[in-house]
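These numbers come from the heavy atoms of this one structure, side chains and all, not from hydrogens, waters or symmetry mates. Here the structure is a predicted model, which means the values were calculated and not measured.
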Amino acid sequence: MPHESQNEHPAHPADGPSVPAYGPARVRGSRRKPRKKTLRYVAWGALGLVLAGGGGVAYAWQHLDGNIQGTDVDAALGHDRPTQQRDGSMNILLLGSDSRAGTHGRYGTGVSGARADTAMVLHVDKTHQKASVVSIPRDTMVKRPQCTTSHGGAGAQQAMFNSSYQVGGPACTVKTVEQMSGLRMDHYLEVDFKGFQKLIDELGGVDITTHKAIKDPNSGLSLTPGKHTLKGEDALALVRTRHGVGDGSDLGRIQLQQAFIKALIHRANTVDPLSSPAKSYGLADTATKTVSADSDLASADKLLGLAKELKGISPDDTNMVTMPVTYDAQDAGRVLPLDKASHRVWNALRQDKPIPKSATEQSVGDKTDSPVSAGS
């Protein structure tokens, strides 16, 4: 079927040509942002409040609750959804929107609204000791369902995955992922450009090691091989980088994002909440100001509870893959799902089993090693 009109995906002037590229023929810059262990910051902040004590505790909790933006996904989606898993496992959709709000044109002009520029399905197993993360390439052509919105939200037989957010917000992206995977999303968490940068700065930077030079004039990143501590601006540039990584497409950028998330978890594990209650609260305050969530999770105590459930999961216990895809022969700027392989990935999560390595062997998304690793 013909692809949906690309007018829905405005050009990113600061990021290079307007059409994304896969393979060596064409390249385009873009952007992204992860977020997985921001949850733990809320736990640190809560401990800081307990240590501080006094009458200010109730006010502080109220302040944190007031920070968080929530979306009632259940009300938006109704009952036509996959069955919720009852084995103790959990699925959380992690979104990075490409909203430029509050950035004053620093990351490109002429880009209105927001798209789901990064999407990762985090599956936490029933023991809450292991996790799988499946990245969904933003340029994957999918069947987008009809979404209920104030301005319509028409479905499409062939649409870029990241358009779902632009059409119907986070609820539409959740619906698109559930339709693709057959998995019910228990929660979603989202952060944008500005929020991601602030979180990394509040944390004091994240340590990575580059195995080769990375230079991308579109994102502004220039790193020599070796060890680096990336503050917010450079961290954002890293997870937006396409050029000089892999084939210059979103697939290589996903590898950077996955490596950075592991580095972020490493960094989070080094923070001692007992040594600085004030800093712990500052992290929690920043996290709750910059993270959006579904309404069931949009409170400090709910995030704290989730953080406690996830705190035992280490980078070594987190398996990260990209949803199996292949290049679209009709459009060098798009990829298509490998249906049978993707089914094996989603089916493993539905059964709360590890994703078999053979499921991603034919995918173009996991063909090369990441030029970045966690730690310094």
Side-chain angles (χ1 to χ4, degrees), residues 33-76 84 88-97 99 101-102 120 122 124 128 131 169-171 173-174 185-204 206 232 261 264-265 267-313:
K33 32 207 156 350
R35 140 185 37 20
K36 180 169 178 286
K37 282 303 186 202
T38 57
L39 303 170
R40 192 171 297 176
Y41 304 159
V42 180
W44 297 333
L47 181 54
L49 293 177
V50 172
L51 294 175
V57 173
Y59 166 77
W61 272 106
Q62 184 179 8
H63 173 64
L64 289 178
D65 273 340
N67 287 344
I68 305 171
Q69 299 181 34
T71 297
D72 193 341
V73 172
D74 288 338
Q84 193 169 26
S89 62
M90 186 185 334
N91 300 305
I92 304 173
L93 180 60
L94 306 178
L95 295 179
S97 78
S99 170
M120 296 181 176
L122 166 64
V124 181
H128 290 197
T173 303
V174 170
M185 297 296 109
D186 299 293
H187 299 292
Y188 93 88
L189 289 168
E190 175 190 345
V191 70
D192 62 16
F193 276 11
K194 187 176 180 181
F196 172 78
Q197 185 173 325
K198 288 177 67 176
L199 280 170
I200 301 304
D201 280 337
E202 186 71 39
L203 190 58
V206 172
I261 286 181
L264 179 58
I265 299 172
R267 178 70 181 97
N269 288 338
T270 68
V271 175
D272 181 6
L274 296 175
S275 67
S276 178
K279 182 173 180 60
S280 298
Y281 178 76
L283 285 167
D285 188 43
T286 299
T288 51
K289 282 179 179 176
T290 56
V291 170
S292 301
D294 59 279
S295 56
D296 287 341
L297 201 57
S299 69
D301 61 332
K302 293 289 182 62
L303 283 174
L304 172 61
L306 182 58
K308 288 180 177 179
E309 292 184 46
L310 301 184
K311 66 181 180 181
I313 302 175

Audit row: L297, I68, side-chain contact (heavy atoms from CB on, under 4.5 Å) steps and yes/no: CA-CA 9 Å; L297 201 57; I68 305 171; over 6 Å; no
Report the C-alpha distance between M120 and I261 in whole Å, list the side-chain angles of each, state the deciding distance to 0.1 Å, and finish with yes or no for side-chain contact (heavy atoms from CB on, under 4.5 Å). CA-CA 11 Å; M120 296 181 176; I261 286 181; 3.4 Å; yes
Please step through side-chain contact (heavy atoms from CB on, under 4.5 Å) for the pair L303 and L189, ending with a clear verdict. CA-CA 10 Å; L303 283 174; L189 289 168; 4.1 Å; yes
Hey, mind stepping through D285 and L64 against side-chain contact (heavy atoms from CB on, under 4.5 Å) and telling me if it holds? CA-CA 6 Å; D285 188 43; L64 289 178; 4.0 Å; yes
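Atom CG of L94 is separated from atom CG of L122 by 5.5 Å, given to the nearest 0.5 angstrom. Residue L93 holds its CG atom at 10.0 Å from CG of D294, rounded to the nearest 0.5 Å. Annotation: the span from L203 atom CG to L264 atom CG amounts to 6.5 Å, rounded to 0.5 Å.
Q69 meets the side-chain contact (heavy atoms from CB on, under 4.5 Å) test with S292; sequence neighbours excluded.
The closest donor-acceptor contact from the side chain of D65 to the backbone of A300 lies under 3.5 Å. With hydrogens and angles ignored, the 3.5 Å screen pairs a side-chain donor or acceptor of D186 with a backbone N or O of N91.
Remark: the T173 side chain and the Y188 side chain contain no N/O donor-acceptor pair separated by less than 3.5 Å.
Shown here for V174 and M185, the closest heavy-atom pair between the two residues is CG1-CB, 4.0 Å. Contact record, P170 with T71: CG-OG1, 4.0 Å, taken as the closest heavy-atom pair. Listed here is the closest heavy atom pair of A76 and A171: CB-CB, 3.7 Å.
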